[in-house]
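Below is one structure; the comments refer to it alone.
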Amino acid sequence: MKIQSVRGMNDVLPADSSAWQHVHAVAAQVFAAYGYGELRLPVVERTELFKRAVGEVTDVVEKEMYSFEDRGGERLSLRPELTAGVIRAGIEHGILFNQQQRIWCTGPVFRYERPQAGRYRQFHQLDVEAFGIATPDADVEIIAIAAQLWKRLGMSGFQLQINTLGTLPSRAAHRAALIDYLLQHEAALDEDAKRRLHTNPLRVLDSKVPATQAIVEGAPSLLDYLDEPSIAHFDAVKAGLEALGIAYVINPRLVRGLDYYTHTVFEWVTDQLGAQGTVCAGGRYDGLVEQLGGPKTTGVGFGLGIERLILLMAVQQVPVVSNQPQVYICRFGAEAERVALRLSETLRDQLPGLRLVLNAGGGSLKSQLKRADGCGARLALIIGDDEAAAGAVQVKSLRGEGEAFTCSLTELAAELSRRLAL
RNA sequence: GUGGGCGUAGCUCAGUUGGUUAGAGCUCUGGAUUGUGAUUCCAGAGGUCGUGGGUUCGAGUCCCAUCGUCCACCCCA
């Protein structure tokens, strides 16, 4: 019986991993460019953490968490998102108290959902968070980081949608008015909307059912219930984005699935990924640190789905830094094989950036050259006993970059360095 | 969790109303005289037809279950 991978949990094969390496390298560079430090976290946390952070009545916690008891009877869960763990660690190590912290984090997260394109049970996020900055410039900075990441990856076609949920008093006033309005039209609502009317009325605004959408059109808008501080904060965020030339649209129905957001919420969406169009989403969560037992500390950040990003990179045919071999050594004859073996290590010592494959497993020169071509190398180095005796190798271009020529072993490193721009 | 499509060689797929040793292209391996790739020609390797049951004289082909996958809903990154 063949053992298969777990549903919704995918392998990334060597042919595809260069895209992942590229994303990680570019992201790490971008985050560092803004002064963010990487935090590395365990994949498992106490279940209670996510119940308190994400919200006990959210879908994520209610039906999508991988929860279990360990052998000591602890209630644990595979993390369904990164922010909760970042805050837990921040509180635990005392790095959130009375100071600014810029943090990023990445790794696998787990949600028990029905898989489809761009949605998996184990997927990977990049998370960026700024703590201890209450002013809207932090919101702008977080959004700008994502924009900078798109720029450096060479991606386009995103729409930035923003909205504000306002302060807690604003939200409460709007919520009351919204429930009132929806109750008047309850008969025309679909079943989901009726159910959410009391548990999470904001989510009704996001409904895709046409009949419900029609009712939602006339629903009281949160924007009309915002208090002065809420409006000032949102205006400042918009002004910041405009100063940076970052285009956005205001989507008054944009609400987040996780309970902890206040003030600014945003999503970077694309229409090139089918139903899973949100690649990056985030917002401000000023009450969350306190809610998790930490000092009163503001926060703002985003989560980005790496699988969706990589899917979109493929759609947009974004070039990725290659990790294919550059040079392949063909060798035959007992003495030449020994010379080539030593040569390969010498070259790696001399040119640390060189990606070099030494032929192994024998084979005719013809088949060795086929392997050289197949692996994507630009150059083949050919060493038979003739070359070995002469202390030289034949350098052959596999990509139509000039004729083959003989090069002495002493000059080889310099020659490769020049040709490959190492 | 709901509804639907699909699972045949490493990959992309064909397999006619159920009927003998299951096919193609690409990839891979070897060869077309002695040491030169990606083009051409020849040959070869590779599949318990996702898995388990059932119907039948006989199942890749029909039925059931199960696992996986894809799409939409739901939810979200």
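Each chain gets a letter, A, B and so on, in the order the sequences are listed, and its residues count up from 1. From a predicted model like this one, the values you see are computed outputs, not experimental measurements. As a basis for the values below, the full set of heavy atoms in this structure was taken, side chains included, without hydrogen atoms, waters or symmetry mates.
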Under 3.5 Å, which protein N or O atoms sit close to an N or O of nucleotides 69-71 of chain B? Give each pair with its distance.
| residue | atom | partner | partner atom | Å |
| --- | --- | --- | --- | --- |
| B/rU69 | OP1 | A/G8 | N | 3.1 |
| B/rC71 | OP2 | A/A117 | N | 2.1 |

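In plain terms, the two heavy atoms of A/L312 and A/L273 that are nearest each other are N-CD2, 3.9 Å.
Between B/rG15 and B/rC76, the two P atoms lie 42 Å apart (nearest whole Å). Taking atom P on both B/rA65 and B/rG23, the two are 33 Å apart, rounded to the nearest angstrom. Comparing the P positions of B/rC42 and B/rC26 gives an interatomic distance of 11 Å, to the nearest angstrom. Distance check on atom C1': B/rC28 versus B/rG47 gives 16 Å, rounded to whole Å. For the P atom pair drawn from B/rA24 and B/rC41, the interatomic distance equals 16 Å after rounding to whole Å. B/rC13 sits 31 Å from B/rC73 when the C1' atoms are compared, rounded to a whole Å. The separation of B/rA22 from B/rG46, taken at their P atoms, amounts to 13 Å, rounded to a whole angstrom. Spacing of P atoms, B/rU17 relative to B/rU12, comes out at 26 Å, to the nearest Å.
In this structure, the separation between CG on A/D139 and OG1 on A/T264 is 3.5 Å, given to the nearest 0.5 Å. To the nearest 0.5 Å, the span separating CZ on A/F266 from CD on A/Q161 amounts to 12.0 Å.
Side-chain contact check for A/V109 versus A/V43: every heavy-atom pair is 4.5 Å or farther apart. Side-chain contact between A/E141 and A/I133: absent, with no pair of heavy atoms (C-beta onward) separated by less than 4.5 Å. Looking at A/S156 and A/Q316, their side chains come closer than 4.5 Å, going by heavy atoms from C-beta outward. Counting only heavy atoms from C-beta outward, the side chains of A/R331 and A/L358 approach each other to under 4.5 Å. Taking the side chain as every heavy atom from C-beta outward, A/V128 and A/I103 never approach each other to under 4.5 Å.
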- Query: So what is the 5' to 3' dot-bracket string for RNA chain B, if pairs are Watson-Crick or G-U wobble with both distances under 3.5 Å, crossing pairs use [ ] and | means the partner sits on another strand?
  - Reply: (((((((..((((.....[...)))).(((((.......))))).....(((((..]....))))))))))))....
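Residue contacts for A/C330: at a heavy-atom cut-off of 4.0 Å it reaches no nucleic acid atom on any strand shown. A/A372 comes within contact range of no nucleotide atom at all, as no heavy-atom separation falls under 4.0 Å.
Residues of residues 22-44 of chain A that place a heavy atom closer than 4.0 Å to RNA chain B do not occur.
B/rG30 atom P lies 10 Å from atom CD of A/Q368, rounded to whole Å. Here the C1' atom of nucleotide B/rG1 and the CZ atom of A/R111 are 17 Å apart, to the nearest Å. One can place OH of A/Y261 at 11 Å from P of B/rC76, the figure rounded to the nearest angstrom. In this structure, A/R121 atom CZ and B/rC76 atom P are separated by 17 Å, rounded to whole Å. Here the P atom of nucleotide B/rC76 and the CG atom of A/L312 are 21 Å apart, to the nearest Å. Rounded to whole Å, atom P of B/rC74 lies 11 Å from atom CG of A/D59. Computed from coordinates, the A/E113 CD to B/rA72 P distance equals 14 Å when rounded to whole Å. Residue A/L13 contributes atom CG, which lies 12 Å from atom C1' of B/rC11 at whole-angstrom precision.
For A/N10 and A/Y120, the side-chain atoms include no donor-acceptor pair closer than 3.5 Å. With no hydrogens or angles considered, a side-chain donor-acceptor pair links A/T278 and A/E267 at under 3.5 Å. Counting only N and O atoms by type, the side chains of A/T167 and A/S230 include a donor and acceptor under 3.5 Å apart. Using a 3.5 Å distance cut-off with no hydrogens or angles, the side chains of A/Q291 and A/R52 do not pair a donor with an acceptor. Residues A/N323 and A/R355 bring no donor and acceptor atom of their side chains to less than 3.5 Å of each other.
Every pair passing ring pair (Phe, Tyr, Trp, His ring centres under 6.0 Å) that includes a residue from residues 177-197 of chain A is listed here, sequence neighbours excluded: A/Y181-A/H185. Within the structure, the salt bridge (Lys or Arg N to Asp or Glu O under 4.0 Å) test picks out no pair touching residues 120-133 of chain A (sequence neighbours left out).
Looking at which nucleotide of RNA chain B each of A/Y112 and A/I306 is closest to, the 5′-most match is held by A/Y112.
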- Taking protein heavy atoms under 4.0 Å as touching, what does nucleotides 32-42 of chain B look like 5' to 3' if B marks base contact, S marks sugar-phosphate-only contact and - marks none? ---BBBS----
